[in-house]
**Q** 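Before I ask anything, here is the structure I am working with.
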Amino acid sequence: MSAILMVFFSQSGTTARVAESIAFGLRASGHRVDLCNIKHGYPKSIAGYDMIGIGSPAYYFRPSMNITDYVNSLPSLNEMSNFVFVLYGTYPGDTGNAIREALRMKGAREVGYFKCRGADLYQGYLKAGYLFSPDNPLKDELSQAEEFAAKVSGIMAGQTYTRPEPDPPPTIIYRLERFFTNRWLIKTIYSRLFHLDKQKCTACGVCMMQCPTNNISANNEGQPVWSRNCLLCLSCEMNCPQEAITSPASWPLFKPVFIYNVTRASRDSSLDYVRVKHTKGRTTRV
Ligand SMILES: Cc1cc2nc3c(=O)[nH]c(=O)nc-3n(C[C@H](O)[C@H](O)[C@H](O)COP(=O)(O)O)c2cc1C
């Protein structure tokens, strides 16, 4: 029996569901598994574990920044076994590549890589009227996650592992989008430019509760104030029942980007989508 730590970030729940299916499969093979969604804090330590699994949603064609930070914070992994799992709504880009490479650089030994679609609750796409991969992960994909766990277990027991090739890199347009959502711009510039309509804001606190990094605090009136630890997940804007929040991603400047993305993805026959309306923090299918 091995002790396995699975660390992941899940904001809207799909990565968590896949993590639970993988954990279920690993436990069925007799392993002890601890799960940690880092939006509730980092795990205390990796000491005492034989294997680490890292899971991330694709955020702007790369891992979410909090997962990158967590992986970078790990000590040298000295041949510790690892696996990676990635959730994505349309195109994952370098999400898996980046985590796999970072773990390799830490000295970990990969024993599995799993990728799966997850409902794409991205504010920009919802506002444009599209929800991609609307019902994912599907039952089949959760079963595949369990099968993946059984394979990982077999490799731990001595079966041969053939490392999957890296995913294809994002196209030039997506690399440009990634540039415009880089860490420096998000933390130094965009995080200061969230706009609040003070007349509309009722100080309900939804934005603060939704923020996965506790980046939003309340001023004297109970209205939100943003600090610099932003992931540009847009949960605050997306869930605001009064539509009082406007993030830089909603600037008219970026509208053509969303139009390009949803047009391209909606024409891709390998992707599912439904048309939606997103108003007052709620998404309804139309
Ligand atoms: C801020 C943000 C950026 C995203 N960027 C991408 C992306 O670049 N490529 C992609 O395929 N999906 C992207 N997605 C979709 C998520 O990867 C996908 O919905 C994932 O299942 C969400 O995981 P969660 O439910 O565990 O939070 C993005 C979603 C958000 C909120």
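Counting convention: from 1, in listed order, for ligands and their atoms alike.
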**Q** Taking heavy atoms and a distance under 4.0 Å, where does Leu231 meet ligand 1: side chain, backbone, both or neither?
**A**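 The answer is neither.
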**Q** Between Arg117 and Asp272, is the closest basic N to carboxylate O distance under 4.0 Å?
**A**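 Answer for the salt bridge query: no.
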**Q** Which heavy atom of the protein is the closest neighbour of atom 2 (C) of ligand 1, given with residue, atom name and distance?
**A**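 In this structure, atom 2 (C) of ligand 1 has Tyr122 CD1, 3.4 Å as its nearest protein heavy atom.
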**Q** Do any nitrogen or oxygen atoms of Gly89 come within less than 3.5 Å of a nitrogen or oxygen of ligand 1?
**A**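 In this structure, Gly89 places an N or O atom under 3.5 Å from an N or O of ligand 1.
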**Q** Among protein heavy atoms, which sits nearest to atom 8 (O) of ligand 1, and what does the distance come to when rounded to 0.1 Å?
**A**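 Minimum-distance protein heavy atom for atom 8 (O) of ligand 1 reads Phe61 N, 2.7 Å.
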**Q** Gly93: heavy atom below 4.0 Å from ligand 1, yes or no?
**A**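 For ligand 1, residue contact (heavy atoms, under 4.0 Å) with Gly93 is absent.
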**Q** How far is atom 5 (N) of ligand 1 from the closest protein heavy atom, and which atom is that?
**A**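 Result: Tyr60 N, 2.9 Å.
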**Q** I'd like to know if Leu234 contacts ligand 1, where contact means a heavy-atom distance under 4.0 Å to any ligand atom.
**A**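 No, Leu234 has no heavy atoms under 4.0 Å from ligand 1.
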**Q** Would you call Glu101 and Arg104 a salt bridge, using N to O less than 4.0 angstrom?
**A**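 Counted as a salt bridge, because a side-chain N and a carboxylate O are separated by less than 4.0 Å.
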**Q** Does Thr14, backbone or side chain, put an N or O under 3.5 Å from an N or O of ligand 1?
**A**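 Yes - when backbone and side-chain N and O of Thr14 are compared with those of ligand 1, one distance drops under 3.5 Å.
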**Q** Is it true that Phe8 and Tyr70 have ring centroids separated by less than 6.0 Å?
**A**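 Distance test on ring centres: not under 6.0 Å, no.
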**Q** Which one holds for Tyr91 and ligand 1: side chain close, backbone close, both close, or neither close, with close meaning a heavy atom under 4.0 Å?
**A**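 Backbone only.
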**Q** Are a donor atom and an acceptor atom from the side chains of Ser76 and Asn78 found within less than 3.5 Å of each other?
**A**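 There is such a pair between these side chains.
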**Q** Output yes when Lys127 and Glu243 qualify as a salt bridge under the 4.0 Å nitrogen-oxygen rule, no when they do not.
**A**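 A salt bridge is present here (some side-chain N lies under 4.0 Å from a carboxylate O).
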**Q** Return the closest protein heavy atom for atom 19 (O) of ligand 1 as residue, atom name and distance.
**A**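 The protein heavy atom lying closest is Ala119 O, 2.7 Å.
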**Q** Taking it one step at a time, do Tyr113 and Asp167 satisfy side-chain hydrogen bond (donor to acceptor under 3.5 Å, both in side chains)?
**A** CA-CA 11 Å; Tyr113 174 45; Asp167 293 321; 2.5 Å; yes
**Q** Please tell me whether Asn229 and Ser227 have a donor and an acceptor in their side chains that are separated by less than 3.5 angstrom.
**A**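 Note: Asn229 and Ser227 side chains miss the donor-acceptor criterion.
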**Q** May I have the step-by-step check of side-chain contact (heavy atoms from CB on, under 4.5 Å) for Tyr59 and Ile67, ending in yes or no?
**A** CA-CA 10 Å; Tyr59 266 24; Ile67 281 293; over 6 Å; no
**Q** For atom 13 (C) of ligand 1, which protein heavy atom lies nearest, and how many Å away is it?
**A**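 Of every protein heavy atom, Ala58 O, 3.2 Å lies nearest to atom 13 (C) of ligand 1.
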**Q** Does any N or O of ligand 1 fall below 3.5 Å from an N or O anywhere on Pro57, backbone included?
**A**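 No - when backbone and side-chain N and O of Pro57 are compared with those of ligand 1, no distance drops under 3.5 Å.
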